[in-house]
Amino acid sequence: MEFRLSWVLAFLALAVVASQAALSPEQYWKYALPNTPMPKVVKDMLHPDMVEEKSTSVNVGGGGVNVNTGKGKPSGTSVNVGKGGVNVNTGKGKPSGTSVNVGKGGVNVNTGKGKPGGTSVNVGKGGVGVNTRKPGGGTSVNVGGKGGGVSVNTGHKKKPIVVNVGKSPFIYNYAATETQIHDDPNVALFFLEKDLHPRATMTLHFTENKEAATFLPRQIAQRIPFSSNKLPEILNKFSVTPGSAEAEMMKNTIEECEGPQIKGEEKYCATSLESMIDFSTSKIGKNVQAISTEVEKQTPLQKYTIADGVQKMSGDKSVVCHKQNYPYAIFYCHKSETTRAYTVPLEGADGTKAKAAAICHTDTSAWNPKHVAFQVLKVEPGTVPICHFLPQDHIVWVPK
């Protein structure tokens, strides 16, 4: 609850400061893509701590802001911003609930229960401050203030941000390492296009990133530096120790985003949902589909069989956006005109059903000859189309 509330309040406070001039990420999607359904993965990353709460809605407009995570129950969380200010109540009718009030004196939040270390929020001349710290860790967000800029702390001493450190197998100008070939579950997602047909079997593991990475609203993301020459400042803002695994993960992601693109592709690292929409639609138009892999449940590495109903998406032009390891949602997007995109129905040995997004690259001549795909499939660059399924938190944009 604390992490969710902190980001909602930080966004609300910034929205109040900005006189609600900017659209929320959800509203921007509806504005830019009125006829494009939002994939589940995007919804989850807009509200990662609300995944189990099926009736979450966030609206920002001229009449104010309303957030409801209540599942239709009177005990749910509600946030309202209007002419009278802000009021948040998660109380379930109990005096120990969370209350938030905004008035002339600024913002005061109390999560009660009489315990120190609860959630505190302050908005005033010094900017916006949100702190959900528990003893030993927690989340804090600060916008503005004496030091300026944005400061974010999502760390907990017993729960590091990092999932793994290493080059992404979906960036094609890097050579594979031995560790990646043997240990990265995404390696199993590569296959040859000739094997993409019903009743073909593949041994796959669709992994789920357990670390919730939130899409930041663009007006917040733009105030957070994202470049190698600002790395010390970035680590400081996220309270990450230089040289730690978390620091190496963040450094690696930034370097991949700053690295050269391969011939025939255009790349871009999106630091917000709005910027990902803008890049994708600028390359393939606004009449698009956004597709991601969906799996009924998490399973270990197992055999999957391709079922009837493989569907090729229109055209050979696409933008594929790969989720990166970072404290908030960053996507490495690249546009190519030598790809074919498919949706592929799969059934696991244990009965688990999946609808996977697959990308086939028809020209791999510019890839690193030691890329992991060539090593596991035993083929040479530029000889045959190479395909891969997308992990669950990646997205492919294709024309309708």
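In this text, all values refer to a predicted model and were calculated from it rather than measured experimentally.
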(message) Around atom NZ of Lys312, are there more than 12 heavy atoms from other residues, nucleotides or ligands closer than 6.0 Å?
(response) yes
(request) Take atom CD of Glu380 as the centre, draw a 6.0 Å sphere, and report whether it contains more than 12 heavy atoms from other residues, nucleotides or ligands. (result) no
(request) Assess whether side-chain contact (heavy atoms from CB on, under 4.5 Å) is satisfied between Ser228 and Glu258, documenting all intermediate values. (result) CA-CA 8 Å; Ser228 294; Glu258 293 177 338; 2.4 Å; yes
(request) Establish whether Val344 and Phe190 are linked, either directly or via other cluster members, by ILVMFWY side-chain heavy-atom contacts under 4.5 Å. (result) yes
(message) Please check this pair: side chain of Thr214 against backbone of Met45, looking for a donor-acceptor N/O pair closer than 3.5 Å.
(response) no
(message) Tell me the closest heavy-atom pair linking Ser292 and Ala357, and the distance in Å.
(response) C-CB, 4.2 Å
(request) Show your reasoning for whether side-chain contact (heavy atoms from CB on, under 4.5 Å) applies to Gln302 and Asp350. (result) CA-CA 8 Å; Gln302 66 167 340; Asp350 67 350; 3.0 Å; yes
(message) Rounded at 0.5 Å granularity, tell me how far NZ in Lys286 sits from CG in Asp278.
(response) 8.0 Å
(request) Can you measure from CD1 (Ile171) to NE2 (His322) and round to the nearest 0.5 angstrom? (result) 7.5 Å
(message) Regarding Lys283 and Glu266, does a basic nitrogen lie under 4.0 Å from an acidic carboxylate oxygen?
(response) yes
(request) Following the transitive rule for hydrophobic clusters with a side-chain heavy-atom cut-off under 4.5 Å over Ile, Leu, Val, Met, Phe, Trp and Tyr, establish whether Met313 and Val310 coincide in one cluster. (result) no
(request) Show your working on side-chain contact (heavy atoms from CB on, under 4.5 Å) between Ile234 and Met250 and close with a plain yes or no. (result) CA-CA 9 Å; Ile234 297 169; Met250 295 170 69; 3.6 Å; yes
(request) For Thr339, enumerate each residue passing the side chain to side chain donor-acceptor pair (under 3.5 Å) test, keeping only those at least two apart in sequence or located in another chain. (result) Ser318
(message) Does either side chain, that of Tyr304 or that of Thr299, offer a donor lying less than 3.5 Å from an acceptor on the other one?
(response) yes
(request) Give the cluster check for Ile291 versus Phe389: same hydrophobic cluster or not, with ILVMFWY residues linked at side-chain heavy-atom distances below 4.5 Å. (result) no
(request) May I ask you to test the Leu204-Lys303 pair for a side-chain heavy-atom distance under 4.5 Å? (result) no
(request) Begin with the C-alpha distance, continue with both residues' side-chain angles, and end with the deciding distance and a verdict on disulfide (SG to SG under 2.5 Å) for Cys269 and Cys333. (result) CA-CA 6 Å; Cys269 275; Cys333 299; over 6 Å; no
(request) Would you please classify the geometry between the Phe238 ring and the Tyr326 ring as parallel, tilted or perpendicular, with 30° and 60° separating the classes? (result) perpendicular
(message) What's the separation between atom CG in Leu33 and atom CD1 in Ile277, rounded to the nearest 0.5 Å?
(response) 5.0 Å
(request) Using the side-chain contact (heavy atoms from CB on, under 4.5 Å) rule, take Lys355 and Thr343 through it: C-alpha gap first, then chi angles, then the decisive distance, then the call. (result) CA-CA 7 Å; Lys355 187 175 182 180; Thr343 56; 4.0 Å; yes
(request) Taking the side chain as every heavy atom from C-beta outward, state whether His334 and Ile262 have any atom pair closer than 4.5 Å. (result) no
(message) Can you give me the closest heavy-atom contact between Ile330 and Cys257, atom names plus distance?
(response) CG2-SG, 4.4 Å
(request) Measure the shortest side-chain to side-chain distance between Leu346 and Lys353 over non-hydrogen atoms and say whether it is less than 4.5 angstrom. (result) no
(message) Show the nearest heavy-atom pair for residues Asp195 and Met202, with the distance to one decimal.
(response) O-CE, 3.6 Å
(message) Any donor-acceptor pair under 3.5 Å linking the side-chain atoms of Glu347 with those of Thr352?
(response) no
(request) Answer yes or no: does atom NZ of Lys230 have more than 12 heavy-atom neighbours from other residues, nucleotides or ligands under 6.0 Å? (result) no
(request) Flag yes if Tyr172 and Leu390 sit in one hydrophobic cluster, no otherwise; membership is Ile, Leu, Val, Met, Phe, Trp, Tyr, and two members link when side-chain heavy atoms are under 4.5 Å apart. (result) no
(message) Could you check whether atom NZ of Lys267 has more than 12 heavy atoms from other residues, nucleotides or ligands sitting under 6.0 Å from it?
(response) yes
(message) Taking Lys30 first and then Glu26, would you say they form a salt bridge - that is, a charged N and a carboxylate O separated by under 4.0 Å?
(response) no
(request) Looking only at non-hydrogen atoms, find the nearest pair between Ser272 and Arg218 and report the distance. (result) OG-CB, 3.7 Å
(message) Between the side chains of Glu193 and Arg340, is the shortest nitrogen-to-carboxylate-oxygen separation below 4.0 Å, so that they form an ion pair?
(response) yes
(message) Checking the side chain of Thr362 only, and the main-chain atoms of Thr338 only, is there a donor and an acceptor separated by less than 3.5 Å?
(response) yes
(message) For Ser244, is there any backbone N or O sitting under 3.5 Å from a side-chain donor or acceptor partner on Thr241?
(response) no
(message) I'd like to check the salt bridge (Lys or Arg N to Asp or Glu O under 4.0 Å) partners of Glu294; sequence neighbours left out, ordered by chain and number.
(response) none
(message) Side chains of Val319 and Val396, heavy atoms from C-beta outward: is any pair under 4.5 Å?
(response) no
(request) Check the side chains of Gln261 and Tyr268 for a donor-acceptor pair under 3.5 angstrom, ignoring hydrogens and angles. (result) no
(message) Let me check something: do Val42 and Ile359 share a hydrophobic cluster, defined by ILVMFWY side-chain heavy atoms less than 4.5 Å apart, either directly or through other members?
(response) no
(message) Is Cys360 disulfide-linked to Cys387, taking SG-SG under 2.5 Å as the test?
(response) yes
(message) Checking the side chain of Thr253 only, and the main-chain atoms of Asn325 only, is there a donor and an acceptor separated by less than 3.5 Å?
(response) yes
(message) Is a donor from one side chain sitting under 3.5 angstrom from an acceptor on the other, for Gln392 and Gln298?
(response) yes
(request) Would you give the length of the straight line joining atom CG of Leu273 to atom OH of Tyr28, rounded to the nearest 0.5 angstrom? (result) 9.5 Å
(request) Provide the closest heavy-atom pair for Glu256 versus Ser168 in the form atom of the first, atom of the second, distance. (result) OE2-N, 3.0 Å
(message) Just so I know, are the side chains of Leu23 and Trp29 near enough to count as touching, which here means a heavy-atom distance under 4.5 Å?
(response) no
(request) Could you label the plane-to-plane angle of the Phe374 and His371 rings as parallel, tilted or perpendicular, counting under 30° as parallel and over 60° as perpendicular? (result) perpendicular
(message) Donor-acceptor pair, distance only, cut-off 3.5 Å: does the side chain of Glu296 make one with the backbone of Ala354?
(response) no
(message) Using side-chain heavy atoms (C-beta onward) and a distance below 4.5 Å, is Met276 in contact with Phe215?
(response) yes
(request) Can you measure from CD (Glu274) to OG1 (Thr271) and round to the nearest 0.5 angstrom? (result) 9.0 Å
(message) Distance check, rounded to the nearest 0.5 Å: Thr383 atom OG1 versus Asp363 atom CG?
(response) 10.5 Å
(message) Contact between Pro399 and Ser314 at the side-chain level, heavy atoms closer than 4.5 Å - yes or no?
(response) yes
(message) Less than 4.5 Å apart, side chain to side chain, heavy atoms only: is that true for Met249 and Asn252?
(response) no
(request) Verify ring pair (Phe, Tyr, Trp, His ring centres under 6.0 Å) between Phe191 and His388, making sure each step is shown before the conclusion. (result) CA-CA 6 Å; Phe191 60 95; His388 60 81; 8.3 Å; no
(message) Please report whether the ring centroid of Phe331 lies less than 6.0 Å from that of His394.
(response) no
(message) So does Thr305 get a backbone contact from the side chain of Thr201, meaning a donor-acceptor N/O pair under 3.5 Å?
(response) no
(request) Check whether any side-chain N or O of Gln375 sits under 3.5 Å from a backbone N or O of Lys370 as a donor-acceptor pair, and report yes or no. (result) yes
